[in-house]
Visitor: 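Okay, handing you the structure first.
Since the model is a prediction, treat every value here as computed from it, not as a measurement.
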Amino acid sequence: MKAHSEPEFLLSDYRPPAYLVETVDMRFELDRAETLVHTKLTIRRAEETTADTPLFLDGHDLKLLSIQLDGAPVNEEMISVSKEGMIIRGLPRQAVFTLETSVRIHPEKNTELMGLYATSNNFCTQCEAEGFRRITFFPDRPDILSVYTVRLEADADAVPLLLSNGNNVEAGALGDGKHYVVWHDPHPKPSYLFAVFAGDLAKVTDNFTTASGRDVVLEIYVEHGKQARALYAMDALKRSMKWDEERFGREYDLDIFMIVAVSDFNMGAMENKGLNIFNDKYVLADPETATDADYANIESIIAHEYFHNWTGNRITCRDWFQLCMKEGLTV
């Protein structure tokens, strides 16, 4: 049997990005079988990049439906799509331009559990390290920092909860029993910290007043009937926020901090900006059955993922060879 070999990446091969993405505007039409993702990128050519340099966008298992440059359709001769992504040639001559794409993805068939996938009755994302390329065409690397605005649309009865990074800036009803929520994250972040969670969960709410007097809403989402078991995690979160302020002067920088805890998340926990996603074994504790070790694990992991808000999120890694730096510093 032929052994499977993974591609080799060398630190010496690193090159700065030829193009930067300043803003990302996304609209999701969520459906378990076929989700449509509409993305508008504001792209800036790096100073050392010549105008005739092609643009490469990572993209895996995406069905391209449409593509436009500065509002005009792109000729098929200008693009080349492969299993690795898409190359676009003949870009606008100006340094800043927009690229719009629409793609179709299949969350319930996503057995890789990277990108956007359907699990139980929920939609969930996991983008570290290279999952965002399974959601939309994008230069999926940690040294591309962008400001994201995300609009989520879904059936209001089946999917009442629509979460993403940043602050909730708009919500409302649509026709045919659907609703939408718009999230805006004002802080530039790499694509691996992008997150979406949509489904039907219960909520535990509290608040935290920062050192400068700002009020931050705290929300922990758990499966229905498990709310009481999330109270210790909420207390641990508040202690972590206070400790980070007092020890390092790092004040939380959004209006809301959310944790989603579900039993079938495929990782332990993930520090997505403002929307941490956990396997609920690291959030839930029942005083009748939990051990001291259980409480210690909850305390340390809640704190670790919160501390990533600065060491890893606001100050992030240039490439994946620096993974140990962001993790080690946060520990």
Side-chain angles (χ1 to χ4, degrees), residues 23-41 100-105 107-108 115-127 131-132 135-136 138 146-189 191 193-207 215-224 227 230 252-262 265 270-278 309 313:
T23 63
V24 182
D25 291 271
M26 307 182 74
R27 180 168 69 90
F28 287 76
E29 298 180 57
L30 291 170
D31 181 87
R32 294 179 64 86
E34 293 187 348
T35 287
L36 301 182
V37 184
H38 312 283
T39 305
K40 181 177 182 179
L41 308 178
E100 297 175 68
T101 60
S102 292
V103 302
R104 180 186 295 117
I105 58 177
E108 67 181 5
L116 176 71
Y117 59 93
T119 172
S120 300
N121 296 317
N122 303 312
F123 296 88
C124 189
T125 58
Q126 174 56 37
C127 292
F132 193 68
I135 297 174
T136 190
F138 194 81
S146 313
V147 173
Y148 286 72
T149 302
V150 178
R151 176 181 168 119
L152 304 174
E153 301 175 3
D155 183 271
D157 291 330
V159 190
L161 181 65
L162 300 172
L163 304 178
S164 190
N165 312 87
N167 298 318
N168 182 332
V169 296
E170 186 180 341
L174 299 169
D176 300 324
K178 295 184 177 181
H179 69 139
Y180 74 95
V181 178
V182 178
W183 295 86
H184 176 68
D185 185 354
H187 305 294
K189 65 174 179 287
S191 54
L193 292 172
F194 174 84
V196 161
F197 188 92
D200 185 7
L201 297 177
K203 179 172 65 175
V204 176
T205 304
D206 207 328
N207 68 293
D215 184 61
V216 178
V217 175
L218 308 179
E219 296 179 345
I220 298 180
Y221 291 89
V222 297
E223 293 166 358
H224 290 281
Q227 296 95 308
Y252 186 63
D253 51 1
L254 291 169
D255 298 333
I256 186 171
F257 184 85
M258 299 170 286
I259 293 174
V260 168
V262 289
F265 183 52
M270 181 60 206
E271 71 268 18
N272 316 296
K273 178 68 179 178
L275 177 59
N276 291 181
I277 302 179
F278 277 65
N309 186 66
N313 293 8

Visitor: Between F28 and F194, how do the two ring planes meet: parallel, tilted or perpendicular, split at 30° and 60°?
Guide: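 Judged by the thresholds at 30° and 60°, the geometry between F28 and F194 is parallel.
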Visitor: Check the pair L30, L162 against side-chain contact (heavy atoms from CB on, under 4.5 Å), reporting the backbone distance first and the verdict last.
Guide: CA-CA 10 Å; L30 291 170; L162 300 172; 4.0 Å; yes
Visitor: Within this structure, what is the CD1-OG1 distance for the pair I105 and T35, rounded to the nearest 0.5 Å?
Guide: 5.5 Å
Visitor: Do V182 and T149 have side chains that approach each other closer than 4.5 Å (heavy atoms only, starting at C-beta)?
Guide: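 Touching, per the 4.5 Å side-chain cut-off.
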Visitor: Ignoring hydrogens and angles, state whether a donor on the side chain of N121 or D200 is under 3.5 Å from an acceptor on the partner side chain.
Guide: no
Visitor: Let me confirm one number: the CD-NE2 distance from E29 to H38, rounded to the nearest 0.5 Å.
Guide: 3.5 Å
Visitor: Tell me whether W183 contacts the main-chain N or O of L152 through its side chain, where contact means a donor paired with an acceptor under 3.5 Å.
Guide: no
Visitor: Check the side chains of H184 and E170 for a donor-acceptor pair under 3.5 angstrom, ignoring hydrogens and angles.
Guide: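 Side chains of E170 and H184: no pair found under 3.5 Å.
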Visitor: Nearest 0.5 Å, what's the CD-CD1 distance between Q227 and I220?
Guide: 11.5 Å
Visitor: Specify the closest pair of heavy atoms between K40 and E100, including all atoms of both residues, with the distance to one decimal.
Guide: CG-CG, 3.6 Å
Visitor: Indicate the atoms forming the closest heavy-atom contact of V196 with L116, along with that distance.
Guide: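 Closest approach of V196 to L116, heavy atoms only: CG1-CD1, 4.4 Å.
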Visitor: As a quick check of understanding, evaluate side-chain contact (heavy atoms from CB on, under 4.5 Å) for S191 and I135, giving each step before the final call.
Guide: CA-CA 10 Å; S191 54; I135 297 174; over 6 Å; no
Visitor: Tell me, with the steps shown, if V216 and N207 meet side-chain contact (heavy atoms from CB on, under 4.5 Å).
Guide: CA-CA 6 Å; V216 178; N207 68 293; over 6 Å; no
Visitor: Would you say the ring centers of F278 and F265 fall short of 6.0 Å from each other?
Guide: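 Ring centroids of F278 and F265 are no less than 6.0 Å from each other.
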Visitor: Which heavy atom of A33 sits nearest to which heavy atom of P107, and what is that distance?
Guide: O-CD, 4.1 Å
Visitor: Salt bridge (charged side-chain N to carboxylate O under 4.0 Å, His left out) between R104 and D31: does it pass, once the steps are laid out?
Guide: CA-CA 10 Å; R104 180 186 295 117; D31 181 87; over 6 Å; no
Visitor: If we ignore hydrogens and angles and just use 3.5 Å, is the side chain of N165 paired with the main-chain N or O of A195 as donor and acceptor?
Guide: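 Present.
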Visitor: Shortest non-hydrogen contact from V147 to P186?
Guide: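 The answer is CG2-O, 3.8 Å.
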Visitor: Does some side-chain heavy atom of I256 sit less than 4.5 Å from a side-chain heavy atom of L218?
Guide: no
Visitor: Run the numbers on F197 and L201 for side-chain contact (heavy atoms from CB on, under 4.5 Å), then give the verdict.
Guide: CA-CA 10 Å; F197 188 92; L201 297 177; 3.4 Å; yes
Visitor: Listed by chain and number, what are the side-chain hydrogen bond (donor to acceptor under 3.5 Å, both in side chains) partners of E219, not counting sequence neighbours?
Guide: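 For E219, the residues satisfying side-chain hydrogen bond (donor to acceptor under 3.5 Å, both in side chains) (neighbours in sequence not counted) are Y221.
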Visitor: Testing the 3.5 Å rule here: is there a donor-acceptor pair between the side chains of N313 and K189?
Guide: no
Visitor: What pair of heavy atoms forms the shortest contact from Y252 to G274, and how long is it?
Guide: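 Smallest interatomic distance, heavy atoms only, reads OH-CA, 3.5 Å.
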Visitor: So, T39 side chain and M26 main chain: donor-acceptor pair closer than 3.5 Å or not?
Guide: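 Side chain of T39 to backbone of M26: no pair is present.
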Visitor: Can you tell me if N122 uses its side chain to pair, donor with acceptor, with the backbone of A118 under 3.5 Å?
Guide: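 No.
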Visitor: Taking N168 for the side chain and V181 for the main chain, is one N or O donor matched with an acceptor at less than 3.5 Å?
Guide: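 Flag not set: sc N168 to bb V181 has no pair under 3.5 Å.
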Visitor: What is the distance from atom CD1 of I277 to atom CE of M258, rounded to the nearest 0.5 Å?
Guide: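 Going from the CD1 atom of I277 to the CE atom of M258 covers 9.5 Å.
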Visitor: Hey, is the main chain of D255 close enough, under 3.5 Å, to the side chain of N167 for a donor-acceptor pair?
Guide: yes
Visitor: Do the side-chain N and O atoms of Y117 and Q126 include a donor-acceptor pair separated by under 3.5 angstrom?
Guide: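 Q126 and Y117 do not have a side-chain donor-acceptor pair below 3.5 Å.
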Visitor: Rounded to the nearest 0.5 Å, what's the gap from CG on L193 to SG on C127? Could you check?
Guide: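 Here the interatomic distance stands at 9.0 Å.
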Visitor: Return yes if some donor-acceptor pair links the side-chain N/O of D185 with the main-chain N/O of H187 below 3.5 Å, else return no.
Guide: yes
